There are 2 protein chains.
Amino acid sequence: MSITADLIRGHTDTIILSLLMHQDSYGYQINKTIAEKTHNQYELKEATLYTAFRRLEQAGWIRSYWGDEQTGARRRYYTITPEGRAAYVRLKQEWEQTKRMIDGLLVEEV
Amino acid sequence: MSITADLIRGHTDTIILSLLMHQDSYGYQINKTIAEKTHNQYELKEATLYTAFRRLEQAGWIRSYWGDEQTGARRRYYTITPEGRAAYVRLKQEWEQTKRMIDGLLVEEV
DNA sequence: TTATATACTTCGTGTGTCAAGGTATCTCTT
DNA sequence: AAGAGATACCTTGACACACGAAGTATATAA
């Protein structure tokens, strides 16, 4: 989409988990939601997105199931697990801490 | 040091440039300053640090010269170039933008 | 019928981080 | 005089995440 890319690295999982906190969703929709919420400033690359799903499922933080669409392409839905919710809380705290840390390191006066 | 690690990825260069905005410095000291400023929450691994220096010098954002220490280990000092200062301004803006973006994506209610 | 949107997947590559190892000098303690 | 610890730098190889590119398949709008 624009600038950002490497700066997000490491936050992908947190972002995905965050969206799943509300409700189950599937890859394509999750990405559209991200685009929407960031006013089209950001969108995950498909490969990144699906890699993250596999990683999160591997970690036991999400579970997946096929939707029962009668029409259109099949959708693989994801649910966040209790462990995933706990992980999200941790990751969010880490984000807050990291944010403060970086802010403390970057000088104001330019 | 603690938690953080992957979350910083991509901000290393910005942090180093930020410290060089004040004054010239050398690897070891830069790392100590980071540790100090973050209350020992964070410190770059040496390999990461020196890799970053090479990358930044390659990009023309910093220049290096040997200090004239009469005693103790030799020190390679780094100076930020005008291009480096311009880059820093950009990187800091990108950080602010990324920060807002991620904040907008992470739900409050847990 | 062609293009576009929806939807998922896999493979190979690149970049940044880091563990581990190395070199060398100085100071403080024993 | 020997040894430990701090200071200071450097290189190599491995790993993880992100991503470009390509492929599959269905539905709809032009």
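No hydrogens, no waters, no symmetry mates; every other heavy atom, side chains included, goes into these values. Numbered from 1 within each chain, the chains take letters A, B, ... in sequence-line order. None of these values were measured; they are calculated from a predicted model.
With respect to D6(B) and R9(A), no salt bridge is recorded, no charged nitrogen being found less than 4.0 Å from a carboxylate O. A salt bridge links K99(B) with E96(B): the distance from a Lys NZ or Arg NE/NH1/NH2 to an Asp or Glu carboxylate oxygen falls below 4.0 Å.
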Q) Base, backbone or nothing for each nucleotide of nucleotides 8-15 of chain D, written B, S, -, heavy atoms under 4.0 angstrom, 5' to 3'? A) BBBB----
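Protein atom CG of L7(B) is 11 Å distant from nucleotide atom P of dA18(D), rounded to whole Å. Rounding to whole angstrom units, CD of residue E43(B) and C1' of dC18(C) are separated by 14 Å. The distance from atom CD of E57(A) to atom C1' of dT9(C) is 14 Å, rounded to the nearest whole Å. Atom-to-atom, NE2 of H11(B) to C1' of dT17(C) comes out at 14 Å; the value is rounded to the nearest Å. Atom NZ of K45(A) is separated from atom P of dA21(D) by 12 Å (rounded to the nearest Å). Atoms OH (Y65(A)) and C1' (dC8(C)) sit 16 Å apart, rounded to a whole Å. Summarising the geometry, the separation between CG on L44(A) and C1' on dC17(D) is reported as 12 Å, rounded to the nearest angstrom. As a whole-Å value, the separation of L56(B) CG from dG16(C) P is 10 Å.
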Q: Determine, stepwise, if the pair Y78(A) / F53(A) fulfils ring pair (Phe, Tyr, Trp, His ring centres under 6.0 Å).
A: CA-CA 8 Å; Y78(A) 296 95; F53(A) 284 143; 3.9 Å; yes
(Q) Please determine whether side-chain contact (heavy atoms from CB on, under 4.5 Å) holds for the pair S25(B) and L19(B), giving the CA-CA distance in whole Å, both sets of side-chain angles, and the decisive distance to 0.1 Å. (A) CA-CA 8 Å; S25(B) 189; L19(B) 299 183; over 6 Å; no
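Between Y77(B) and Y65(B), the ring planes lie parallel to each other; the angle is under 30°, not in the 30° to 60° tilted range.
Scanning for ring pair (Phe, Tyr, Trp, His ring centres under 6.0 Å) contacts around Y28(B) gives an empty result, with sequence neighbours left out.
Between T12(B) and the phosphate of dT17(C), there is a side-chain N or O to OP1/OP2 separation shorter than 4.0 Å.
Residue contacts for T71(A): at a heavy-atom cut-off of 4.0 Å it reaches the sugar-phosphate backbone alone, with no base atom in range.
Closest approach of A52(B) to T12(B), counting heavy atoms only: CB-CG2, 4.1 Å.
For dT15(C), its base never sits under 3.5 Å from the side chain of R9(A) at any donor and acceptor pair.
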